[in-house]
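This report concerns only the one structure given below.
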Protein chains: 2
Amino acid sequence: MLTERQLLILQIIIDDFIRSAHPVGSRSLAKKKGISFSSATIRNEMADLEELGFIEKTHTSSGRVPSEKGYRFYVDHLLSPEKVSHKEIKRINDLFTEIYEMEKVIQNAAKVLSELTEYTAIVLGPTVEDNKLNRFQIIPLNAETAIAVIVTNKGHLEHKLFSLPKSVNSSDLEKTVNILNERLVGMPILELQSKLINEVVTLIKENVHNYEAMLRSLLDVLSVPSNEKLYYGGKTNMLKQPEFQDIEKIQGIMSLMEEENDFYQILKQTPFGIHVKIGSENKIPVMDDCSLITATYSIGEEQVGTIAILGPKRMHYSKVISLLNLLSKNMTVTLTKLYDL
Amino acid sequence: MLTERQLLILQIIIDDFIRSAHPVGSRSLAKKKGISFSSATIRNEMADLEELGFIEKTHTSSGRVPSEKGYRFYVDHLLSPEKVSHKEIKRINDLFTEIYEMEKVIQNAAKVLSELTEYTAIVLGPTVEDNKLNRFQIIPLNAETAIAVIVTNKGHLEHKLFSLPKSVNSSDLEKTVNILNERLVGMPILELQSKLINEVVTLIKENVHNYEAMLRSLLDVLSVPSNEKLYYGGKTNMLKQPEFQDIEKIQGIMSLMEEENDFYQILKQTPFGIHVKIGSENKIPVMDDCSLITATYSIGEEQVGTIAILGPKRMHYSKVISLLNLLSKNMTVTLTKLYDL
DNA sequence: TTTTAGCACTCATCTAATGGGAGTGCTAAA
DNA sequence: TTTAGCACTCCCATTAGATGAGTGCTAAAA
């Protein structure tokens, strides 16, 4: 167990390092206000803290730097919640006053968040997996082409252009649409495809000429692409951090962001609430120097998406957590109002 | 006017520099096959080429590097068209065989193009500006919410969730939809808004209770967001180039890409066909070290979008031009087949 | 007149040496 | 238990050579 003084010293070291990015030495620490003991004493305490694994040296005679364990302890026990300024509150609230388009709101949220934190923001758009079919529709464009549209109970819309088989006439189309709506409305969209194949096919077969070509197209439409995109804000903020002045590192992180899949998986699997992953806790080698803070947002009671901040391990944790907290709550309120149908 | 020998030397210098990124000296040039004169002679010729502004030195005793004027001359007069390999042809053709969804096709095109060139690909999605309204539709979700949908004659679909004013009933909705379709179908979507305000308002006013709240929502929907997005591929390829090992430069370019607006403007205003802009010709300071090659694609006769490759000035021009040529043509053919309705 | 060999000179880059500064660990005294 | 003092370590910035690729110029050769 750490003594009061060790806690104080550890806290100051980490706070200081987060601010300055420079290793913290005993002498400079001794000059801090609130410190009434000498640098030699601090050196002794530092040696102990190092032995316990909370801080490290970058070389034999350097100041101390927080270790991953140190950051973890700091985040879990030493964090003093930071007040969000009025200006920041306003920026976040403004996100939800003007525009009401989901995609725009999310995109702007990522942008604003990255500006306020000066880190990189990543937002995973709302999942549609558990939505249910509200309406299926076909909009003919001309004799050969039509657009199939599905709308879910949460107001999500997917559409797809497809070619009409030559032999399908408008009454066939109508019949098909009717059958599909009768049979499929209310179904979870994930099950649409199998339902279509297993149950509805025979019905259509009985009622519509040339059902095969038609069906192939429809199946295609119903293979709902998970439309949960990642939105980034401030990708280039990473470049401002002194720990990322190295092209190799930059390339690693940037590729990771461009690839998208890893972050998609990570954000997708995020548990409810705010969570901090530090360095190697992220389980991805190129993220060893990064921390990722995630916050979930919901529609009604249902967790639907995730907001995250990616930054160096030397991140301003308390500020980021406060901002994420505020934003995710606002997001939940707004989306619930709009989409909790 | 340049002599044959000067042309030869200039060509070799640029070819060599594009390959190696190292300044080209007289001695190494003299060893190239096809060169039957001494390094001293070459030095003299180089001095002349430098005086004419085609090549430069990086310092007093360095080899020569192409100047912007040199690249320009090279692109305009010395380019030998490069054959596209079978493998590359296949990769590009494959883009259009499987999937038929516009957005995916474009996204993949950017990705594949960046992989084939090892530069950054930027694709501007098809414009919808000159599309005409094909159908307007309202899909009610529940008592308070509905989705407005517009479909254009080119198969483009826009939708937006909006709140139904309390007093609007389903017959009002139906009437409104009918009136709008009667009056607006066939209109260029750019004009929809003004048409709605100027002409159709009175009609709706006469037929629908509480038309104001309704209209406000609809206006909102009809303010068609120009959906012409930019798609990037291989943003991080920029980091591989030896001329971009400098964080400052990287940051400049990356920010430019993230901001999107500049590239949107540039690609939007691209003239038909393939064009090369070298360094400062791009008129944007951070692009002084970049070249941008653009190619347009069309639906039918109508130019609708642009594909571009962004790379260092030391770009493999002939290869990129060949690939862009191939891709833009394929793109035009495919889109025309699908969307020239 | 054109081409070439020769030579002095320039500049980037690499390596090694040097000195200062920040910081540490240890010891012995307060 | 705390502190002052001191030797020691390592980073970092600077300097000094040494090397090598390349140039411009001159004078001789073709």
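Chain naming here is simple, since letters A, B, ... match the order of the sequence lines and numbering starts at 1 in each.
The separation between A/His22 atom NE2 and C/dA22 atom P is 12 Å, rounded to whole Å. A/Ile55 places its CD1 atom 14 Å from the P atom of C/dG23, with the value rounded to the nearest Å. Between the CD1 atom of A/Ile13 and the P atom of C/dG23 there is a distance of 12 Å, rounded to whole Å. The CG-P distance, from B/Asp48 to D/dG24, rounds to 10 Å in whole Å. Between A/Leu49 atom CG and C/dG25 atom P the separation is 12 Å, expressed in whole Å. Rounding to whole angstrom units, CE of residue A/Met46 and P of D/dT2 are separated by 16 Å. Atom CD in B/Glu50 sits about 11 Å away from atom C1' in D/dG24, given to the nearest Å. Atom CG in B/Asn44 sits roughly 8 Å away from atom C1' in C/dT3 (whole-Å rounding).
Sequence order on DNA chain D of the closest nucleotides to A/Ser61 and B/Ala40 puts A/Ser61 first from the 5' end. Across the interface with DNA chain C, nearest-nucleotide mapping of B/Arg5 and A/Arg27 shows B/Arg5 to be the residue nearer the 5′ end.
Using a 4.0 Å cut-off between charged side-chain N and carboxylate O, A/Arg72 and A/Asp76 make a salt bridge.
For A/His59, the side-chain atoms get nearest to D/dC10 when compared with the rest of D/dC10, C/dT24, C/dT4. Set against C/dG6, C/dC11, D/dT3, the side chain of B/Arg43 has C/dG6 as its closest nucleotide.
Base pairing analysis places D/dC8 opposite C/dG23; the two distances defining the Watson-Crick or G-U wobble pair are each below 3.5 Å. In this structure, D/dT2 and C/dA29 make a Watson-Crick or G-U wobble pair, each of the two defining distances being under 3.5 angstrom.
Nucleic acid contact class of B/Thr41 (heavy atoms, under 4.0 Å, all strands): base.
Interatomic distance, NZ of B/Lys235 versus CD1 of B/Ile253, reported as 12.0 Å (0.5 Å rounding). One finds the CG atom of A/Leu79 at 8.5 Å from the CG atom of A/Asp15 (value rounded to the nearest 0.5 Å).
Contact between the side-chain N/O atoms of B/Lys57 and the OP1/OP2 oxygens of D/dG24 is found at a separation under 4.0 Å. Side-chain nitrogen and oxygen atoms of B/Ser26 include at least one within less than 4.0 Å of the OP1 or OP2 phosphate oxygen of D/dT23. Distances shorter than 4.0 Å separate some side-chain N or O of A/Arg64 from OP1 or OP2 on C/dT24. OP1 and OP2 of D/dT23 both lie 4.0 Å or more from every side-chain N or O belonging to B/Thr60. When the side-chain nitrogen and oxygen atoms of B/Ser28 are compared with OP1 and OP2 of D/dA21, none of them lie within a distance under 4.0 Å.
In this structure, a donor-acceptor pair under 3.5 Å is absent between the side chains of A/Lys111 and A/Asn108.
Looking at heavy atoms from C-beta onward, A/His316 lies out of side-chain contact with A/Glu118 at the 4.5 angstrom threshold.
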